[in-house]
Amino acid sequence: MSMQPRPWPKVPELTAQVARAVAARGPYPLAMRVRDELGELFSDAEFAEAFEARGRPGWSPGQLALVTVLQFTENLTDRAAAHRVRYGMDLKYALGLELDDPGFDASVLSEFRTRLVEHGMEEKVLDLLLTALKDRGLVKAGGKQRTDSTRVLAAVRDLNRLELAGETLRAALEALACAAPDWLAEAVPVREWAERYGPRIHSWHPPASTSRREEMALAYGRDGFALLEAVHAPDAPAWLRELPAVQVLRTMWVQNYHRTVTEAGAEVKRRESKDLPPSRMRLASPYDTDARYGLKQGSWWTGYKVHISESCDETDDHDAPTGQATISGGDGTPPHLITSIATTDATVTDAEMTEPVHHKLAGRGLLPAEHFLDSGYASAELIVGMKKSFGVTLVTPVLLNSSPQARAGAGFDRNAFTIDWDKRQATCPRGDTSTWWSPATQRGTKAIVIKFDKETCRPCPVRDKCTRSKTGGRTLSLQPREVQEVLDHARLQQSDEQWRARYATRAGVEGTIHQAVAVTGMRRARYLGLQKTHLEHIFSAVALNLIRLDAWWNGHSLDRTRASHLARLDLSLAA
């Protein structure tokens, strides 16, 4: 898409007159409110590096960014979004178009998204919105935020191992048939393979018999190796092996098959489940090579995870900086606004994202004072690390003591012992002191091992309540002092009713996830690949923020469901 960006036009007088007259008969449309309150939210200059300054003037990238955001507020397809621009007076008002402006072809939106991804500008629209809201005092550093994740289904079909092998080989043959049809006709038995690999795998049912399915899997394996040999033959064009579909075929065959070459010939076998690579490395689709198999709370899926962070202050403490204007029209506490979106493949754990999320918030100048998280994001090390690195207090439950005594609720667990960190000594409930204190590494984590002398423990009358060892003394395992003290304090806190009531703030992010799924369709990815899926999530986050701001500007309670949002939208359009 070669275009010379043009400046945002002012709203034409006739467009403004007609749109406002129609809007006066019902709820004020979101698109018009955004233009009134935020003006030229997405400046063309912010997208300049992604668009050439040569060629005929085209659609403003800032306008396309706004169209895409409004597209997600209604969960529209590209074609439907282009139709709304062509016929919707509210969008013509927001974009500054004449009433007779014909709009653009739907393909322009796809080209626009591709440009953003190619130039690493996936998060630009969220950054611009948050900057505008910071200037108006609606988001700021400090205060409270909360984060949670949810699964995202990839825009591909779930395939079992048999179907995956067949579809991968079919996709490679399709690519070669388009790129080098003459070469392919000589390299493989086209007539036989066209019957086997012509239709998509999901268009017919594989055999029910286990033996026949195994036979089919091995046939796929032999054909795949034969095709790879042909592509890598000395007389084959070298560029064929660089085709993405061929590279996917090679990776998929390495992961799912192995071949033994002997004097009698080549023997192909499928890998056993135990020999497969881990999910983080294993391809799940020939069409989306970033999608992975994930497991969370007993649910399997193929695709990604999205981590949503939002402000959650309950008091009106978002006063604007001195000398800066605030957004007019809102009453009471400003809405909870999304401050960060992180998208990963489905295998990345929540704990792995705790630090990256804080880095992202720090880059935007929006680090909270308190961050409410579930236990999947936290550990004692992370609680200490986030406080040191970012000055953020993690409000989160931690794992309880898992010693046999603690699990049984009887006997002397770790808390029954007094630890003297300075003297490097522990004292048991009967007053005896330890004789061994040594740093160690347990499962890759730093620890401290404390032992009591067996001669002291052996005659102890309460030995059965302290250790299960028949001959040795009691042993304790602690984390380094700073981490252990934080862990002990967190365990003590989370047993308090007042702390539990405070921690209930985190539950609100579940409503945000529900709104994201119901309004923008975030549960299922629209596009292929991690980068474009992340771009989708960014636009979804901006759309949700505008929906919440619109409700606040109008003095309404926040709409939490797609049904309530669309009800307002229907009223707006009917007017």
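Because the structure is a prediction, the values reported are computed rather than measured.
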Review point. Do the non-hydrogen side-chain atoms of Tyr377 and Thr396 ever get within less than 4.5 Å of each other?
Key: no
Review point. Does some side-chain heavy atom of Asp148 sit less than 4.5 Å from a side-chain heavy atom of Thr512?
Key: no
**Study point:** Check: Leu546 main-chain N/O paired with Asp550 side-chain donor or acceptor under 3.5 Å
**Key:** no
Point to revise | Lys532 bridged to Glu122 by N-O distance under 4.0 Å | key: no
**Study point:** Carboxylate-amine/guanidinium proximity below 4.0 Å for Arg548 and Glu310
**Key:** yes
Practice item. Please list all pairs passing the salt bridge (charged side-chain N to carboxylate O under 4.0 Å, His left out) test where one or both residues lie in residues 507-521, with sequence neighbours left out. Key: Arg506-Glu510
Practice item. Give a yes or no on whether a salt bridge exists between Asp127 and Arg364, defined as a side-chain N under 4.0 angstrom from a carboxylate O. Key: yes
Point to revise | Cation over ring face, Arg157 and Tyr287, 6.0 Å, 45° | key: no
Study note, to complete from the structure: Only residue of Ile341, Ile547, Val69, Thr73 satisfying side chain to side chain contact (heavy atoms under 4.5 Å, CB included) with Val542 is Val69
Review point. Given His371 and Thr147, is the side-chain hydrogen bond (donor to acceptor under 3.5 Å, both in side chains) satisfied, shown in steps?
Key: CA-CA 8 Å; His371 201 164; Thr147 297; 2.6 Å; yes
Exercise for review: May I ask you to check whether Ser60 and Asp44 show a side-chain donor-acceptor distance below 3.5 Å?
Suggested key: yes
Exercise for review: Salt-bridge test for Glu49 and Arg115: reply yes if a basic N is under 4.0 Å from a carboxylate O, no otherwise.
Suggested key: no
**Study point:** Test side-chain hydrogen bond (donor to acceptor under 3.5 Å, both in side chains) applied to Ser311 and Asp313, step by step
**Key:** CA-CA 6 Å; Ser311 60; Asp313 291 296; 5.7 Å; no
Check your understanding: Less than 4.5 Å apart, any side-chain heavy atom of Gln255 and any of Pro277?
Key -> yes
Review point. Please, which pairs that meet salt bridge (charged side-chain N to carboxylate O under 4.0 Å, His left out) have at least one residue in residues 351-361, sequence neighbours excluded?
Key: Glu123-Lys360, Arg280-Glu352
**Study point:** Arg136 side chain to Ala132 backbone, donor-acceptor under 3.5 Å
**Key:** yes
Check your understanding: Hey, are the side chains of Pro278 and Tyr293 touching, using non-hydrogen atoms and a 4.5 Å cut-off?
Key -> no
Point to revise | Presence of salt bridge, Asp350 and Lys305, under 4.0 angstrom | key: yes
**Study point:** Check: Ile201 main-chain N/O paired with Glu167 side-chain donor or acceptor under 3.5 Å
**Key:** yes
Exercise for review: Show your reasoning for whether side-chain hydrogen bond (donor to acceptor under 3.5 Å, both in side chains) applies to Tyr304 and Arg292.
Suggested key: CA-CA 7 Å; Tyr304 304 95; Arg292 294 291 184 270; over 6 Å; no
Review point. Does the side-chain hydrogen bond (donor to acceptor under 3.5 Å, both in side chains) test come out yes or no for Arg523 and Thr150, once each step is laid out?
Key: CA-CA 8 Å; Arg523 176 69 70 216; Thr150 189; 2.6 Å; yes
Check your understanding: Are Glu98 and Lys92 close enough for a salt bridge, meaning some N to O gap below 4.0 Å?
Key -> no
Exercise for review: Would you mind reporting whether Leu159 and Ser285 have side-chain heavy atoms less than 4.5 Å apart?
Suggested key: no
